**Student:** 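Structure in structure tokens, see below.
Just so you know, these numbers come straight off a predicted model, no measurement behind them. Reminder, nothing fancy here: chain letters follow the sequence lines and each chain counts from 1. Excluded from the calculations below are hydrogen atoms, water molecules and symmetry mates; all remaining heavy atoms, backbone and side chain alike, are included.
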Amino acid sequence: MGMTITEKILARAAGRSRVSAGETVWVNADILMTHDVCGPGTIGVFYEQFGRHAKVWDPDKVVIIPDHYIFTADQKAHRNVDILRQFVREQGIRYYYDPDFLHGEGMPTPYRDPTKTSYKGVCHIALPEEGHTRPGEVLFGTDSHTCTAGAFGEFATGIGNTEAGFVLGTGKLWLKVPPTMRFVFEGTLPDWLMAKDLILAVIGDIGCDGATYRAMEFAGEGVFSLNIEERMTLCNMVIEAGGKNGVIAPDEKTLEYVRSRNRSGKPFEPVFNDADANFVYEKVFDVRRLEPVVAKPHSPDNRALVSEVKGTPLDRAYIGSCTGGKLTDFRAAARILHGRTVRIDTFIVPATTEIEAALKTEKYNGQTLEEIFLAAGARLGSASCAACLGGPSDTFGRLNAPLTCISATNRNFPGRMGHKDARVFLASPLTVAASAVAGCITDPRDFLC
Amino acid sequence: MGAIKAIMKAIIRGRAYVLGDNIDTDQIIPAQYLMLNPAIPEEYKQLGRHALSGVPEAEGGLPKGHIPFRDPAADGSPYNIIIAGRNFGCGSSREHAPIALNAAGVEAVVAEFYARIFFRNAVNGGYLIPFESEQRLCEEVRTGDEVEIHTADSLLINRTTGDRWKLKPLGEIAPIIEAGGLFAYARQTGMLRS
């Protein structure tokens, strides 16, 4: 019996010629990533367990990306960034993306020029942009959306503080090898359908626990015709089905992206399924039969076709996060927002400073994306996780009242974006933009066809 | 670090707090409290004060609902055993979630099954014992019932009603819980030098 991509990566990381689903193995980490919310607790575990003068297993394999609570006046949030800074100094960690405009008390001023700071923003998008994702590697991160990096043909999964503290000291972690569920998309996407529609359809199918303890592999023409950012959206949301990791076999697009970003020049070896690899589940979707979808409140698997909930009144629209805050997402939104105005409060939050800078240069029909969004009446925030997960009450775009919001983010359990009686519909950036213009849930085809 | 490690007692005894399906980590500890650093003992305790504060009122303390998990003025919760449905702890990877439950005094959760990151965090951190039920106990047990978990026999006894329910054996996580978490287990088994 052959091996899946996930089994092959884990076999290599365990120093074994083969592993099978269900086996428990100790694997070596290639990268450990942490951020400002789980970093301080992880650092606490590390020093408590390995001693106050302990050193991390490899300072060049630890990547620290503050991104959650940056643009807030909360003093504990600022203190947490200081804890990261001190750890980076003590350990000689090279890959640290500091919000260097953040110091002392009060609300940080959003920087004028994001290209002139080492701050990056949302870790899952910053990791590939800064060259920390490579095919065949094992990435652990203290964030559930670490699975995003599976789009690069690697094994990437979220872990807690205790496990991350263990990895910091040893470079190793025990894992149960997951069986793989395979989702094949035949045909190419029409220009009103996005990766977000595909993954919401999958989660609606299998439920928000349908992939618990399993790997989810995406394949087929519908996937390989997508650009890297859209592939990241697919893998990003596998955790919303309970998945351990998402994975897409690397192709030329993957290799070109990774080579152009792999500044360290670290060698990597792509991994592919064996012809006789064993899948625990396989489902084929015909992309031409799919329609734009939403996940209704209060669960990412509460799928409905946009056409079924069309006209639902909305108070707010939100485009941002590791799921919906990439350049591709904003290019899509601009196609609809260009020359139109929004009827409801609309918040735009780029995931990273690189994307934030691109909004000022990338053009659609002669206008920059930023000009389009501002002319439409949307509000632009600074690169960070912002209101995707609520956060402190002064977070940009947070739902501080029981509002109804349509959002390009990833999760809509009660309270996720702030107020626990708020109602959140998840949708593609195209559907969010169309709904922002109409003030109610709207099919993007109404504007694009 | 302020943690009271989950102890594999022969019998875990106490009052049940009942919840439904898909109790995600935002409901267990809302994101506005994540700036609390669990490595600082005082902040570890504070996380307990906000445990389960994200659960909508009607969904908290089933079957009736509208039963708060804890009195904000008191330390800890009167409920030390949580009974829940499917996919408990789904959502984010925040270890603050099992920590908040531990700091509020929860010793065990009995759910149909767990989201895997929460499950690993609970076991590896040694914060609480995550049992899996064979039946849908969140529709059988009522909030406030006096229950006992007999760990060796994988049995839950409802002293209020007299019902007895079989739980799934803890299996391969039992030695990690018995050791007190991932680090203690790794030292016991020679993975880490003590």
Side-chain angles (χ1 to χ4, degrees), chain A residues 24 26 36-38 40-45 47-49 68-69 72 74-77 79-80 83 141-146 157-166 169-170 172 174 207-209 212-213 239-240 242 244 298-299 301 389-393 395 411 413-416 418 420-421, chain B residues 1 3 21-27 30-40 43-44 46 53-59 86-88 90-99 112-127 172 176 181-187 191-192:
Chain A
T24 299
W26 285 92
D36 55 308
V37 159
C38 294
T42 297
I43 292 164
V45 169
Y47 282 135
E48 186 194 17
Q49 294 291 340
H68 276 58
Y69 301 160
T72 169
D74 189 281
Q75 288 308 294
K76 284 202 170 69
R79 181 237 16 224
N80 288 345
I83 291 173
T142 59
D143 191 289
S144 63
H145 292 111
T146 303
T157 197
I159 60 174
N161 300 349
T162 300
E163 296 186 310
F166 191 92
T170 64
K172 290 179 196 301
W174 68 270
C208 62
D209 51 22
T212 303
Y213 285 100
I239 183 66
E240 266 49 81
K244 185 174 210 158
H298 294 283
S299 177
D301 63 358
L389 77 161
S393 58
T395 300
R411 225 167 251 160
F413 294 112
R416 169 68 179 177
K420 65 181 173 183
D421 296 318
Chain B
M1 295 227 306
D21 296 326
N22 296 327
I23 299 299
D24 79 311
T25 54
D26 276 281
Q27 295 181 73
Q32 68 257 40
Y33 305 116
L34 297 188
M35 66 290 290
L36 295 170
N37 177 1
I40 299 168
E43 294 184 25
Y44 190 106
Q46 281 181 44
S53 63
V55 177
E57 278 75 8
E59 310 295 322
R86 300 159 60 91
N87 207 24
F88 188 84
C90 60
S92 98
S93 65
R94 63 189 71 160
E95 195 154 312
H96 308 69
I99 286 171
E112 284 175 64
F113 62 89
Y114 297 84
R116 54 167 290 278
I117 305 178
F118 176 89
F119 185 82
R120 286 183 70 111
N121 286 346
V123 172
N124 283 330
Y127 303 113
E172 63 187 350
I176 305 176
L182 173 65
F183 281 94
Y185 176 74
R187 290 196 169 97
M191 252 308 292
L192 273 185

**Student:** Less than 4.5 Å apart, side chain to side chain, heavy atoms only: is that true for A:Lys172 and B:Met191?
**Tutor:** yes
**Student:** When you compare the side chain of B:Met35 with that of A:Pro392, does any pair of heavy atoms fall below 4.5 Å?
**Tutor:** yes
**Student:** Would you sort out whether A:Val37 and B:His96 count as a side chain to side chain contact (heavy atoms under 4.5 Å, CB included), showing the intermediate values?
**Tutor:** CA-CA 10 Å; A:Val37 159; B:His96 308 69; 3.9 Å; yes
**Student:** Does any heavy atom of chain A fall under 4.5 Å from the side chain of B:Ile117, the backbone, both, or neither of them?
**Tutor:** side chain
**Student:** Which atoms of B:Asn124 are under 4.5 Å from chain A, going by heavy atoms: the side chain, the backbone, both sets, or neither?
**Tutor:** both
**Student:** Relative to chain A, which of B:Gln32, B:Arg86, B:Glu172 shows the most heavy atom pairs under 4.5 Å?
**Tutor:** B:Gln32
**Student:** If you count heavy-atom pairs under 4.5 Å between each of A:Gly390, A:Gly158, A:Ala77, A:Gly391 and chain B, which one has the most?
**Tutor:** A:Gly391
**Student:** By a 4.5 Å heavy-atom criterion (distance strictly below it), what part of A:Thr157 contacts chain B: side chain, backbone, both, or neither?
**Tutor:** side chain
**Student:** Which answer fits A:Asp209, side chain, backbone, both or neither, if we ask what part of it has an atom under 4.5 Å from a heavy atom of chain B?
**Tutor:** both
**Student:** State which residues pass side chain to side chain contact (heavy atoms under 4.5 Å, CB included) with B:Ala115; sequence neighbours excluded, sorted by chain then number.
**Tutor:** B:Asn87, B:Cys90
**Student:** Check this for me: does any side-chain nitrogen of one of A:Arg79 and B:Glu43 sit under 4.0 Å from a carboxylate oxygen of the other?
**Tutor:** yes
**Student:** Taking side chain as C-beta onward, heavy atoms only, is B:Leu36 less than 4.5 Å from A:Lys76?
**Tutor:** yes
**Student:** Which atoms of A:Trp174 come close to chain B, meaning under 4.5 Å heavy atom to heavy atom: side chain ones, backbone ones, both, or neither?
**Tutor:** both
**Student:** Check step by step if side chain to side chain contact (heavy atoms under 4.5 Å, CB included) holds for B:Ser93 and A:Ile159.
**Tutor:** CA-CA 6 Å; B:Ser93 65; A:Ile159 60 174; over 6 Å; no
**Student:** How close do A:Gly44 and B:Ala39 get, counting heavy atoms only, and between which atoms?
**Tutor:** CA-CB, 3.6 Å
**Student:** With only heavy atoms counted, which part of B:Asn121 is less than 4.5 Å from chain A, the side chain, the backbone, both or neither?
**Tutor:** side chain
**Student:** For a 4.5 angstrom cut-off between non-hydrogen side-chain atoms, does B:Phe183 reach A:Val45?
**Tutor:** yes
**Student:** Please classify the contact between B:Pro56 and chain A as side chain, backbone, both or neither, with a heavy-atom cut-off of under 4.5 Å.
**Tutor:** both
**Student:** Under the rule for side chain to side chain contact (heavy atoms under 4.5 Å, CB included), what residues qualify as partners of A:Tyr213, not counting sequence neighbours?
**Tutor:** B:Arg116, B:Phe119
**Student:** So which part of A:Asn161 gets closer than 4.5 Å to some heavy atom of chain B, the side chain, the backbone, both or neither?
**Tutor:** both
**Student:** Evaluate the side-chain proximity of A:Arg416 to B:Gln27: yes if any heavy-atom separation is below 4.5 Å, no if none is.
**Tutor:** no
**Student:** Would you mind checking which part of A:Ile83 comes under 4.5 Å of any heavy atom in chain B, side chain (CB onward), backbone (N, CA, C, O), both or neither?
**Tutor:** side chain
**Student:** Out of A:Ser299, A:Cys208, A:Ala164, A:Gly242, which one racks up the most heavy-atom pairs below 4.5 Å with chain B?
**Tutor:** A:Cys208
**Student:** Given heavy-atom pairs under 4.5 angstrom as the criterion, report whether the side chain, backbone, both or neither of B:Ala186 touches chain A.
**Tutor:** side chain
**Student:** Relative to chain B, which segment of A:Thr170 carries a heavy atom at a distance below 4.5 Å: side chain, backbone, both, or neither?
**Tutor:** side chain
**Student:** Assess whether side chain to side chain contact (heavy atoms under 4.5 Å, CB included) is satisfied between B:Leu192 and A:Gln49, documenting all intermediate values.
**Tutor:** CA-CA 10 Å; B:Leu192 273 185; A:Gln49 294 291 340; over 6 Å; no
**Student:** For A:Lys244, which atoms come within 4.5 Å of any heavy atom of chain B: side chain, backbone, both, or neither?
**Tutor:** both
**Student:** So which atom in B:Gly91 and which in A:Ser144 form the shortest heavy-atom distance, rounded to 0.1 Å?
**Tutor:** O-CB, 3.5 Å
**Student:** Compare all side-chain heavy atoms of B:Thr25 with those of A:Phe413 and state whether any distance is below 4.5 angstrom.
**Tutor:** no
**Student:** What part of A:Leu389 lies closer than 4.5 angstrom to a heavy atom of chain B: side chain, backbone, both or neither?
**Tutor:** both
**Student:** Against chain B, label A:Thr24 side chain, backbone, both or neither, depending on which of its atoms sit under 4.5 Å from a heavy atom there.
**Tutor:** side chain
**Student:** Distance check, rounded to the nearest 0.5 Å: B:Arg94 atom CZ versus A:Asp143 atom CG?
**Tutor:** 9.0 Å
**Student:** Which bit of A:Arg411 is near chain B, if near means a heavy-atom gap under 4.5 Å: side chain, backbone, both or neither?
**Tutor:** side chain
**Student:** Between B:Val55 and A:Pro414, is there a side-chain heavy-atom distance shorter than 4.5 Å?
**Tutor:** no
**Student:** Determine, stepwise, if the pair A:His68 / B:Leu34 fulfils side chain to side chain contact (heavy atoms under 4.5 Å, CB included).
**Tutor:** CA-CA 10 Å; A:His68 276 58; B:Leu34 297 188; 5.8 Å; no
**Student:** Given that the side chain runs from C-beta out, which part of B:Tyr33 has a heavy atom under 4.5 Å from chain A: side chain, backbone, both or neither?
**Tutor:** neither
**Student:** Is there side-chain contact between B:Tyr127 and A:Thr162, with heavy atoms separated by less than 4.5 Å?
**Tutor:** yes
